[in-house]
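Remarks on the structure that follows.
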Amino acid sequence: MGVDALTTPRDALARHDWRAAHEAAVAASPLAGAAEAERLELLAEASWWLGRLAECTEAREQAHRIFDDLGDVRRAGQCAVWLYEHYGMQCRPTIAGAWLRRARRSLVELPDSPEYHALLLREVEVTHGEGRLEEATEVARHVVDVSRQQQWRNLEAEALQALGRLLIDRGEVIDGLAQLDEAMLSAVEGRLGPYATGKVYCSLVTACEELGDMRRAAEWTEATARWAQQHPFTIFPGICRVHRAAALGWRGELAVAEQEADKACTELIDIHVPNAAAAYATVGDIRRRLGDLDGAERAFASAEELCGRPCGGLALLQLTDGRSDVAARTIQRALEEQPWNRLARAELLPAQVEIAVEVGDLATAAAALRDLESVGEDFDVAWLGAAAESARARIQLAEGDLDAACVTARRAVERWQGLEVPYEEATARVLLARALRASGDEGAAAVALDAAAAMFADIGARFDLSQSDDRPASAEVPAGLTGREIEVLRLVAAGCTNKGIAAELQVSSKTVSRHLSNIFAKIDVSSRSAATAFAFEHHLVDARR
């Protein structure tokens, strides 16, 4: 009787009708013994695809308890493997690790089973995350070989994607992408189940994003989005939106990117916490570029609350806000969270260079550039070369090596242009304009700055006026003022109110107040009139364009 009662939810799951499966599994209650455990497993599966992670987790824990009491080590171990995944999605690594150890205790008795090899793949994820790449690679290869021999297609595809990501992190980018492509082939052919398909898609797109291969990422992101539309009650549309937002952001479609990432935050917050955190971080970075600094700060705070780590974009936001010392600490914390992942660190290093140059710490800036160049040499990734040229131009400008800065900034513009990344290209053009103006070529500087302003306008990005400061970067800066603080001080000297300064610089009044507080402390004054006198005394007003 119990077995017959489960026919309907089983059939509904087989045709991916998650709602029908959920309703049928609930309606079949209560059963007894193994039949009840299977009903709970079916309920957990349907709940997961419907995005009800808490319900899924509870049902699977109950199923595990019954299987364990019955001595069914295979099914108990399988439940434990899934519970490792569920708690990982909730950013609860301690509990996830406990379930993984319990799974090993059950499945070690079944070394030839697919369940045991699924366990091995989850252990690969752990060792990969700890930076034990050689050990993880060996196990991943083993799972690929066994899965092929046994024709476990889903497990083979998952193992190929795990192996591909490992090889990429080891610097074997071509071989790593080849493994991912092979896994993708099975997915495109429709030979995989929905879970394996989604995992392979997301893994490949994530790898493309890390490598800066945004053309490839955009192609697969669109394919992922089309696939996800056929599974409307899954978590994958939300995850796909995170990748789509990143691809759109690289292409300069900032407004649409913000919409996609914002939707992903809502869709993933109760389902997949790490990806929800990534979505909030993406929203924060897009808003920073759009000039919504308060909105960006809220998004970065949400991301850090979810994942417990600071975002590199937050440091750049703090720099824009005049909190350069805080920005330096934030970017250092972010780097410390990536002790071995060189590609992840490389994404943060350009920001560290920019911040270090702003605070006058050229030794740290130079060290960050060397690290960036080293990763670029080992991984041969195009965006790393472009980022290194931009970083080098910043340092040369700060050191007063103006001829070199002009040459390097031009190379940065060309490289970003070739990659079709408009925001970074426009930023490089601002660097070029500053170098040209500092070297006395006002005409060429104006052309470069106008081109940058037009590009920022085209993509709807905020044009940071402090970047176009016409003081030579090597000039002595009074009282340690930052470029943005000097911009604010000039506007104070021109008689602007806080509201007027906020409108001129496209920031909030709260941000202006923070800048003024910093300025007054640095130049040791207590009034706007004294600050104005300081600006004229140090020829800051005359330098304004």
Review point. Excluding sequence neighbours, so at least two apart, what forms salt bridge (charged side-chain N to carboxylate O under 4.0 Å, His left out) with Glu424?
Key: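 Checked Glu424 against salt bridge (charged side-chain N to carboxylate O under 4.0 Å, His left out); matches are Arg289.
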**Study point:** Residues in salt bridge (charged side-chain N to carboxylate O under 4.0 Å, His left out) contact with Arg323, at least two apart in sequence or another chain
**Key:**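 Checked Arg323 against salt bridge (charged side-chain N to carboxylate O under 4.0 Å, His left out); matches are Glu297, Asp321.
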Suppose we screen for side-chain hydrogen bond (donor to acceptor under 3.5 Å, both in side chains). Which residues come up paired with [X], at least two apart in sequence or across chains?
{"X": "Gln259", "answer": "none"}
{"X": "Ser186", "answer": "none"}
{"X": "Lys263", "answer": "none"}
{"X": "Thr127", "answer": "none"}

Is the shortest heavy-atom distance from the side chain of [X] to the side chain of [Y] under 4.5 Å?
{"X": "Leu177", "Y": "Val173", "answer": "yes"}
{"X": "Glu354", "Y": "Val357", "answer": "no"}
{"X": "Val126", "Y": "Glu130", "answer": "yes"}
{"X": "Leu160", "Y": "Leu180", "answer": "no"}
{"X": "Gln352", "Y": "Asp371", "answer": "no"}
{"X": "Leu372", "Y": "Val353", "answer": "no"}
{"X": "Gln161", "Y": "Leu204", "answer": "no"}
{"X": "Glu125", "Y": "Leu121", "answer": "no"}

Pairs under 3.5 angstrom only: tabulate donor-acceptor contacts from the side chains of residues 338-345 to other protein residues two or more places apart or in another chain.
| residue | atom | partner | partner atom | Å |
| --- | --- | --- | --- | --- |
| Trp340 | NE1 | Gly129 | O | 3.1 |
| Asn341 | OD1 | Leu343 | N | 3.3 |
| Asn341 | OD1 | Ala344 | N | 3.1 |
| Arg342 | NH1 | Asp378 | OD2 | 2.6 |
| Arg342 | NH2 | Ser374 | OG | 3.0 |
| Arg342 | NH2 | Asp378 | OD2 | 3.1 |
| Arg345 | NH1 | Leu335 | O | 3.0 |
| Arg345 | NH1 | Gln338 | O | 3.3 |

Practice item. Output, in order, the C-alpha distance, side-chain angles, deciding distance and verdict of side chain to side chain contact (heavy atoms under 4.5 Å, CB included) for Asp262 and Arg287. Key: CA-CA 11 Å; Asp262 200 39; Arg287 287 177 179 171; 3.9 Å; yes
Review point. Does a sphere of radius 6.0 Å around CD in Glu138 hold more than 12 heavy atoms from other residues, nucleotides or ligands, not counting ones at 6.0 Å or beyond?
Key: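 Result for CD/Glu138: open.
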Point to revise | Residue Asp458 excluded, over 12 heavy atoms near CG under 6.0 Å | key: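 More than 12 heavy atoms, drawn from other residues, nucleotides or ligands, come within 6.0 Å of this atom.
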Nearest 0.5 Å please: distance from the [atom1] atom of [X] over to the [atom2] atom of [Y].
{"X": "Leu481", "Y": "Glu487", "atom1": "CG", "atom2": "CD", "answer": "12.5 Å"}
{"X": "Leu120", "Y": "Glu123", "atom1": "CG", "atom2": "CD", "answer": "5.5 Å"}
{"X": "Gln179", "Y": "Leu167", "atom1": "CD", "atom2": "CG", "answer": "6.0 Å"}
{"X": "His272", "Y": "Ile269", "atom1": "NE2", "atom2": "CD1", "answer": "12.5 Å"}
{"X": "Glu414", "Y": "Leu432", "atom1": "CD", "atom2": "CG", "answer": "10.0 Å"}
{"X": "Asn498", "Y": "Leu516", "atom1": "CG", "atom2": "CG", "answer": "5.0 Å"}

So, using side-chain contact (heavy atoms from CB on, under 4.5 Å) as the criterion, who are the partners of [X] when residues are at least two apart?
{"X": "Arg415", "result": "Ala386, Glu389"}
{"X": "Val381", "result": "Leu211, Phe379, Trp383, Leu384"}
{"X": "Glu267", "result": "Arg241"}
{"X": "Ala196", "result": "Asn154, Glu158, Leu192"}

Under a 4.0 Å threshold between the charged nitrogen and the carboxylate oxygen, would [Y] count as salt-bridged to [X]?
{"X": "Glu85", "Y": "Lys199", "result": "yes"}
{"X": "Arg165", "Y": "Glu210", "result": "yes"}
{"X": "Glu373", "Y": "Arg370", "result": "no"}

Exercise for review: Please report the C-alpha distance between Ser390 and Trp416 in whole Å, then the side-chain angles of each, then the deciding distance to 0.1 Å, and finally whether the side chain to side chain donor-acceptor pair (under 3.5 Å) criterion is met.
Suggested key: CA-CA 9 Å; Ser390 289; Trp416 288 119; 3.0 Å; yes
Practice item. Report the C-alpha distance between Arg170 and Thr137 in whole Å, list the side-chain angles of each, state the deciding distance to 0.1 Å, and finish with yes or no for side chain to side chain donor-acceptor pair (under 3.5 Å). Key: CA-CA 10 Å; Arg170 289 173 52 158; Thr137 300; 3.2 Å; yes
Minimum heavy-atom separation for [X] and [Y], please, with both atom names.
{"X": "Ala438", "Y": "Leu402", "answer": "O-CD1, 3.3 Å"}
{"X": "Ala257", "Y": "Gly249", "answer": "CB-N, 3.8 Å"}
{"X": "Ala452", "Y": "Val430", "answer": "CB-CG2, 3.6 Å"}

Does [X] reach the main-chain N or O of [Y] with its side chain, forming a donor-acceptor pair under 3.5 Å?
{"X": "His128", "Y": "Val124", "answer": "no"}
{"X": "Arg429", "Y": "Ala451", "answer": "no"}
{"X": "Thr282", "Y": "Ala278", "answer": "yes"}

Point to revise | Residues Ile271, Met89; criterion side chain to side chain contact (heavy atoms under 4.5 Å, CB included); working and verdict | key: CA-CA 7 Å; Ile271 304 171; Met89 289 178 181; 5.7 Å; no
Practice item. Take Arg329 and Ile355 through the test side chain to side chain contact (heavy atoms under 4.5 Å, CB included) and record every step on the way to the result. Key: CA-CA 10 Å; Arg329 291 194 293 272; Ile355 293 164; over 6 Å; no
**Study point:** Test applied, side-chain contact (heavy atoms from CB on, under 4.5 Å); reference residue, Ile331; option that passes from Leu319, Leu349, Leu348
**Key:**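 The passing option is Leu348.
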Exercise for review: Could you please spell out the steps behind the side chain to side chain donor-acceptor pair (under 3.5 Å) verdict for Ser324 and Glu358?
Suggested key: CA-CA 7 Å; Ser324 51; Glu358 183 67 21; over 6 Å; no
Exercise for review: May I have the step-by-step check of side chain to side chain contact (heavy atoms under 4.5 Å, CB included) for Val512 and Leu491, ending in yes or no?
Suggested key: CA-CA 11 Å; Val512 174; Leu491 292 169; over 6 Å; no
Can you list, pair by pair, the side-chain donor-acceptor contacts under 3.5 Å of residues 300-314, counting residues two or more places apart and other chains?
| residue | atom | partner | partner atom | Å |
| --- | --- | --- | --- | --- |
| Ser302 | OG | Arg298 | O | 3.2 |
| Glu304 | OE2 | Arg333 | NH2 | 2.9 |

